[in-house]
Trainee: 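Below you will find the structure I want to go over with you.
The shown structure was predicted, so the numbers you read here are calculated from the model rather than taken from an experiment.
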Amino acid sequence: MAGMASMLKRENVQIVEKVDSWEESVHVAVQPLVDQGYVESRYIDGIISNAKEFGPYFVICPDLALLHARPDQGVLKRQLAVTVLREPVRFKEEGPDVRVLVTLAATDADGHIEVMRRLATMFCDPDNITKIAEAPSADEIYDYFTAPEE
């Protein structure tokens, strides 16, 4: 899908074996967007401080978190990043394990609507989340996200 391919660059997809905390998972998941100039490093702090204030609102369902903060918290350009954790993390003690972290950098309220629709379609089937979480390589994860819709 053209919209997804323009919103997700291959260098922003990674597999990480383990993190020590949910805060570290946010740092690791957002860092590719910092490195590539899509967000300022303060975007990481924004996600963490928002989660501490409002709870982990970005944990959508078991195994999936859609990390994001407000555009004014450091977004420079629209982009996604995908991080798969081989060992899951929990954002709150009673919460579900999370292995797939999708980071959204949105510059405004509606410029990413098509991508969000595509993500909602992908993730409405828990099997798709499992396929991503268990993919053997970052290339396969990227291909899965950018494949044409059926």
Side-chain angles (χ1 to χ4, degrees), residues 1-92 95-124 128-129 131-133 135 137-147 149:
M1 170 184 176
M4 187 63 80
S6 70
M7 276 290 290
L8 178 64
K9 303 296 179 213
R10 168 57 191 88
E11 58 268 21
N12 296 331
V13 179
Q14 61 184 338
I15 296 173
V16 175
E17 287 303 315
K18 179 181 191 271
V19 294
D20 292 327
S21 66
W22 72 264
E23 292 95 338
E24 184 185 356
S25 77
V26 173
H27 278 275
V28 168
V30 181
Q31 193 61 47
L33 297 181
V34 174
D35 293 344
Q36 300 295 321
Y38 292 101
V39 300
E40 298 171 3
S41 60
R42 68 187 178 97
Y43 194 63
I44 296 168
D45 301 327
I47 294 170
I48 292 171
S49 66
N50 291 352
K52 287 181 176 177
E53 183 176 350
F54 305 113
Y57 57 90
F58 43 70
V59 176
I60 308 299
C61 60
D63 258 348
L64 177 65
L66 179 60
L67 302 176
H68 62 286
R70 292 186 316 275
D72 64 1
Q73 288 181 288
V75 176
L76 301 171
K77 296 184 265 186
R78 293 182 328 141
Q79 186 63 204
L80 291 172
V82 178
T83 300
V84 169
L85 302 173
R86 292 301 186 208
E87 287 189 32
V89 68
R90 276 202 180 147
F91 287 84
K92 63 181 186 178
D97 286 346
V98 173
R99 294 185 292 169
V100 178
L101 301 152
V102 178
T103 305
L104 172 65
T107 54
D108 57 43
D110 11 275
H112 58 287
I113 298 296
E114 181 60 24
V115 168
M116 291 302 296
R117 186 196 62 74
R118 169 78 164 133
L119 291 174
T121 301
M122 280 175 61
F123 294 139
C124 71
N128 290 336
I129 300 169
K131 284 179 199 170
I132 293 165
S137 72
D139 286 335
E140 285 189 38
I141 295 166
Y142 176 76
D143 290 346
Y144 190 77
F145 272 84
T146 58
E149 286 188 81

Trainee: For Arg10, check salt bridge (charged side-chain N to carboxylate O under 4.0 Å, His left out) against everything at least two apart and list the hits.
Mentor: Asp139
Trainee: What distance do His68 atom NE2 and Ile47 atom CD1 have between them, rounded to the nearest 0.5 Å?
Mentor: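 The distance works out to 8.5 Å.
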Trainee: Pair up each side-chain donor or acceptor in residues 27-39 with any protein partner under 3.5 Å, not counting sequence neighbours, and list the distances.
Mentor:
unit_1, atom_1, unit_2, atom_2, d
Gln31, NE2, Asp35, OD1, 2.8

Trainee: To the nearest 0.5 angstrom, please state how far the OG1 atom of Thr146 sits from the CE atom of Met7.
Mentor: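 Atom-to-atom, Thr146:OG1 and Met7:CE are 13.5 Å apart.
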Trainee: Testing Leu101, Asn12, Val19, Ile141 one by one against Thr83 for a side-chain contact (heavy atoms from CB on, under 4.5 Å), which residue passes?
Mentor: Leu101
Trainee: Pro88 and Asp97: which non-hydrogen atoms are nearest, and at how many Å?
Mentor: CB-CB, 3.6 Å
Trainee: Any idea which heavy atoms bring Ser25 and Leu85 closest together, and the distance?
Mentor: CB-CD1, 4.2 Å
Trainee: Excluding sequence neighbours, so at least two apart, what forms salt bridge (charged side-chain N to carboxylate O under 4.0 Å, His left out) with Asp45?
Mentor: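 Salt bridge (charged side-chain N to carboxylate O under 4.0 Å, His left out) check on Asp45 returns nothing, list empty.
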Trainee: Kindly write out the residues that satisfy salt bridge (charged side-chain N to carboxylate O under 4.0 Å, His left out) with Asp143, not counting sequence neighbours, or none if the list is empty.
Mentor: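 For Asp143, no residue satisfies salt bridge (charged side-chain N to carboxylate O under 4.0 Å, His left out) once neighbours in sequence are set aside.
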Trainee: Please confirm whether the backbone N or O of Ile48 pairs with a side-chain atom of Glu23, one donor and one acceptor, at under 3.5 Å?
Mentor: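 No, because the side chain of Glu23 does not come within donor-acceptor range (under 3.5 Å) of the backbone of Ile48.
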Trainee: Begin with the C-alpha distance, continue with both residues' side-chain angles, and end with the deciding distance and a verdict on side-chain contact (heavy atoms from CB on, under 4.5 Å) for Asn50 and Gln73.
Mentor: CA-CA 10 Å; Asn50 291 352; Gln73 288 181 288; 2.9 Å; yes
Trainee: Using the six-membered ring wherever Trp is involved, compare the ring planes of Trp22 and Phe58 and label them parallel, tilted or perpendicular (cut-offs 30° and 60°).
Mentor: tilted
Trainee: Taking all non-hydrogen atoms of both residues into account, name the closest pair between Val59 and Pro96 and its distance.
Mentor: CG1-CG, 3.8 Å
Trainee: Identify the two heavy atoms, one from Phe91 and one from Ala65, that lie closest to each other, and give their separation to 0.1 Å.
Mentor: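 So the minimum-distance heavy-atom pair works out to CE1-CB, 4.3 Å.
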Trainee: How close do Leu104 and Tyr43 get, heavy atom to heavy atom, and via which atoms?
Mentor: O-OH, 2.6 Å
Trainee: Among all residues two or more places apart in sequence or in another chain, which pass the salt bridge (charged side-chain N to carboxylate O under 4.0 Å, His left out) test with Glu40?
Mentor: Arg42
Trainee: Could you please spell out the steps behind the side-chain contact (heavy atoms from CB on, under 4.5 Å) verdict for Leu80 and Val102?
Mentor: CA-CA 7 Å; Leu80 291 172; Val102 178; 4.1 Å; yes
Trainee: What do the steps show when you test Arg86 against Val84 for side-chain contact (heavy atoms from CB on, under 4.5 Å), and what is the final call?
Mentor: CA-CA 6 Å; Arg86 292 301 186 208; Val84 169; 3.9 Å; yes
Trainee: If only atom types and distance count, is the side chain of Arg90 paired as donor or acceptor with the main-chain N or O of Ser21 below 3.5 Å?
Mentor: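 Here the side-chain-to-backbone pair does not exist.
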Trainee: Measure the spacing between SG of Cys61 and CD1 of Ile129 and express it to the nearest 0.5 Å.
Mentor: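 Between Cys61 SG and Ile129 CD1, I get 3.5 Å after rounding to 0.5 Å.
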Trainee: Run the side-chain contact (heavy atoms from CB on, under 4.5 Å) test on Leu119 and Phe145 for me, step by step, so that the C-alpha distance in whole Å, both residues' side-chain angles and the decisive distance to 0.1 Å come before the verdict.
Mentor: CA-CA 8 Å; Leu119 291 174; Phe145 272 84; 3.6 Å; yes
Trainee: Arg78 side chain to Thr107 main-chain N or O, any donor-acceptor pair under 3.5 Å?
Mentor: no
Trainee: Could you give the distance from OH (Tyr142) to CD (Gln14), rounded to the nearest 0.5 Å?
Mentor: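 Tyr142 OH to Gln14 CD: 15.5 Å, rounded to 0.5 Å.
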Trainee: Any salt bridge (charged side-chain N to carboxylate O under 4.0 Å, His left out) involving residues 56-70? Give me the pairs, sequence neighbours left out, ordered by first then second residue.
Mentor: Asp63-Arg99, Arg70-Asp72
